[in-house]
Amino acid sequence: MSNKVSIKTAYHAKKNGLFTFRLVSWAKKDIFKAYFFIMIKEDFKPFIPAESNVAEFTIKSILLGCIAGIIFGAATVYLALKAGLTVSASIPIAVLAITLGKKFFKTTILENNIIQTTGSAGESIAAGVVFTLPGFLFLSTDIGGQSSGEAFFNYMTILILAILGGVLGTMMMIPLRRSLIVKEHDTLPYPEGTACASVLKAGERGGSFARTAFWGLGFAMIYALMQKVFHVISEAPTWVTTKANKFLPSAQVSGEITPEYMGVGYIIGPKIAGVLVAGGVLAWLGLIPLLATLIDPSLAAHQLVKLGLLADITKAGGSVGWDPITKTFSDYPLAIYQAYVKQIGAGAVAAGGFITLLKTIPTIISSFKDSLGSIKEGKTVADTKRTDRDLSLKVVGVGSLALIILVAVLPQIPSNGILSNLLIGVLVVMFGAFFVTVSSRIVGLIGSSNNPISGMTIATIMGTCLVFIAVGWTGKVYEPMALVVGGMICIAAANAGATSQDLKTGYIIGATPRYQQIALFIGVIVSSIVIGLTVRILDTPTPEMLAQGIKHAIGTELYSAPQATLMATLIKGMLSFNLDWQYVLVGVFIAITIELCGINALSFAVGAYLPLSTTLPIFVGGAIKGIVDWKERKKVKTPEEEELGPGNLFATGLVAGGALAGVVVAILMVIPSVRSNLSKVDVQPLFTRWFGAGGYELLGVLIFLFMGFVLYNISKKKNEAEDIIK
């Protein structure tokens, strides 16, 4: 039979209850489609029926959710500042909820859902904050070398913008829940939300698979303690060639061999991890050696002065160790990276984000139209069931008006008068309504991890800057105001994506939407309090930085904050016209070239922007995942089984444990007495004497590889989730 026919059936919900039976016939050359309308009314049945009265919105569920939001919010700040990456917190929080909550606090499945809903706000708010607000530090500088936005990089401004942006994201999802989550239940899978519902349902059936995540957490904490406190493990083994090297001058290969990077790499998988490290290979083994051959160190020093990274070409110092007498750098690869390659990378990230946004334009247009139409239809529906009770639409109207007023009158927000800030408030609500809708539908199709938030933020900033230019607002004074709009939209879009996944989880298990929405508002506020504090603590410079004249740890190699630097670069380029377009455009065309090759340009661009020390250990984690997948290539797994696999759970523990240890150590190092006492238990000098500098770094690499060996062996264990879910 040359013309085999296969039949698929799909049911699509319509307003009048009709479902479409779709008969698709695949012939050798032609595709025939026949549509039959049949009268079938099929109501979705949640795990907990609407008629059931189960404990849900309780004090213990809110408190446990807030604690989870604080923990994962702080960890996300640390991870996003260092690597420019985040991982979803909903599933780990759900695992903790069904393990700790059910065992010690006797929580119900609906209470566990409130725990993960409240806690998930911390991760999304942290991502939006870190991706934009540190940009205040990188705006145009005045005569004294201070950024025009530095005064606004304070705790209260970060707190207010985080809360307002987070509330905006949740608030705008209130009218969209019925149209996107309920009516399109069969067409928008919301993968993280569906997987999270499977976790919660699995918890009701029993199972101890969460133990693996705790093993990963404990392993990472011990590893981080040995690395960051006792310095048994080298933090960043490095191999560098000299500038005089004939074949590869000033090349550098290094890696921050931390558990969180290995965990992130395993979670994102070999493909994305490989594209990330490819960008780093181009930058650190291609562009930097090339530029080091062509550019005189004095020219690089002048460029660093222009960028505000070196105080004066006649004065020694800076993070790159400039010597004005010998006209050399102690770290020439880093000097070339900061002077030129970072701007090339910024151009590539901007282009990659914009390309990602362009590719989603058809989805954006259709989703916005569909959502608006569904909202109009939903106004006539009188919902009485518990599972259909949303907060009133009045909350959206009054909340939007209140947000505009607060942006206009709060003194912590950059301003050039109340009228200018009224315009900012209006722009925030307009862009917010649009991109919240876009974000929700996109994550419904491809998941929160692939949400093009950077592209949306870039588009928002460009649109805001064009509005400013149209009304004659150009110059340094308006740069912080443009960043406020971009920052709040980034936070709102990130939180809208997480909110959508939470509402999908709630819809599947039978939660009360009204309680989820209130829990999200609480989670936004509580998490923002700690997120702002964490950002400020991590920004505290070390004594070595202060000796070099560096006032902020964010923006250095320690916490590179790649997205925030990009946003500031765009704003400066559009409003102050002082951007080195020649370097930026090189990055733009690199991104275009990569996209034309069929590779995700944004992932490659982020890799080119970040230090190779960040992407290389992430690639190691991705490579381990690739080997595991290759070994199990004959096994067919559902997304739920994949998320709850022992490898993913252990990797999640590595990420959480490593990031939390980093935050704790950073907090301790701010206290002078603690810092001096910790220096007494530093064994690095002793180990260096024993093994030599190279031997000490090799020891760290071997321990890191041992951690990879442990991760690999755990990943091969039987997936307990398969039996639990089935």
Side-chain angles (χ1 to χ4, degrees), residues 131-143 146-153 157 161 165 168 306-308 343 346-358 361 364 403-404 407-408 413-435 438 452-493 563-585 587-588 591:
F131 287 170
T132 53
L133 299 189
F136 281 125
L137 299 174
F138 314 128
L139 297 175
S140 298
T141 56
D142 54 26
I143 298 176
Q146 186 178 22
S147 167
S148 59
E150 188 172 347
F152 302 105
F153 193 65
T157 299
L161 294 180
L168 177 65
K306 177 182 177 182
L307 295 172
Q343 294 189 80
V349 173
F354 202 68
I355 290 170
T356 303
L357 190 64
L358 288 176
I361 280 181
I364 290 172
L403 187 146
I404 294 173
V407 170
I413 295 178
S415 173
N416 193 37
I418 191 170
L419 291 178
S420 65
N421 278 35
L422 280 173
L423 176 60
I424 290 178
V426 171
L427 288 174
V428 166
V429 171
M430 288 175 55
F431 282 122
F434 180 76
F435 282 119
V438 171
I453 295 174
S454 294
M456 298 180 202
T457 309
I458 289 168
T460 299
I461 285 176
M462 293 179 69
T464 302
C465 289
L466 290 174
V467 171
F468 282 13
I469 292 171
V471 297
W473 294 355
T474 58
K476 300 176 183 178
V477 68
Y478 297 103
E479 291 177 4
M481 296 166 61
L483 186 61
V484 165
V485 179
M488 291 181 66
I489 297 307
C490 185
I491 296 167
Q563 286 90 345
T565 308
L566 166 65
M567 303 309 168
T569 301
L570 281 175
I571 293 171
K572 287 190 295 183
M574 295 192 71
L575 294 183
S576 299
F577 307 102
N578 63 351
L579 192 64
D580 289 321
W581 285 103
Q582 65 273 35
Y583 308 124
V584 173
L585 289 176
V588 168

Calculate, to the nearest 0.5 Å, the distance between atoms [atom1] and [atom2] belonging to [X] and [Y] respectively.
X: Leu168; Y: Ile491; atom1: CG; atom2: CD1; answer: 10.0 Å
X: Leu139; Y: Met567; atom1: CG; atom2: CE; answer: 12.5 Å
X: Leu466; Y: Ile461; atom1: CG; atom2: CD1; answer: 12.0 Å
X: Leu575; Y: Met481; atom1: CG; atom2: CE; answer: 10.0 Å
X: Leu133; Y: Leu483; atom1: CG; atom2: CG; answer: 6.5 Å

Practice prompt. Output, in order, the C-alpha distance, side-chain angles, deciding distance and verdict of side-chain contact (heavy atoms from CB on, under 4.5 Å) for Met488 and Leu403.
Written response: CA-CA 11 Å; Met488 291 181 66; Leu403 187 146; 4.2 Å; yes

Any idea which heavy atoms bring [X] and [Y] closest together, and the distance?
X: Ala482; Y: Thr464; answer: CA-CG2, 4.1 Å
X: Ile424; Y: Pro414; answer: CD1-O, 4.3 Å
X: Asn416; Y: Asn421; answer: N-OD1, 4.0 Å
X: Ala591; Y: Ala351; answer: CB-CB, 3.7 Å
X: Val407; Y: Ile413; answer: CA-CD1, 3.8 Å
X: Gly486; Y: Thr132; answer: O-CG2, 4.1 Å

Worksheet item: Can you list the steps and then say if Leu423 with Trp473 is a side-chain contact (heavy atoms from CB on, under 4.5 Å)?
Response: CA-CA 12 Å; Leu423 176 60; Trp473 294 355; 3.5 Å; yes

Worksheet item: Hey, does the side chain of Thr157 reach the backbone of Phe153 with a donor-acceptor pair shorter than 3.5 angstrom?
Response: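 Pair absent, no side-chain N/O of Thr157 close to backbone of Phe153.
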
Worksheet item: Do Lys572 side-chain atoms and Phe138 backbone N/O form a donor-acceptor pair below 3.5 Å?
Response: yes

Fill in: Validation row: Tyr478, Ile571 side chains within 4.5 angstrom (heavy atoms)
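Side-chain contact under 4.5 Å: no.
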
Discussion item. A side-chain contact here means heavy atoms from C-beta on lying under 4.5 Å apart; do Ile404 and Leu422 qualify?
Written reply: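 Result yes, sub-4.5 Å side-chain heavy-atom pair found.
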
Worksheet item: When you look at Thr569 and Gln343, which way does the side-chain contact (heavy atoms from CB on, under 4.5 Å) test go after all the steps?
Response: CA-CA 8 Å; Thr569 301; Gln343 294 189 80; 5.8 Å; no

Practice prompt. Please work out which of the three classes, parallel, tilted or perpendicular, describes the rings of Phe136 and Phe152, given edges at 30° and 60°.
Written response: tilted

Discussion item. Apply side-chain contact (heavy atoms from CB on, under 4.5 Å) to residues Thr460 and Phe435 and explain how you reach the verdict.
Written reply: CA-CA 9 Å; Thr460 299; Phe435 282 119; 3.3 Å; yes

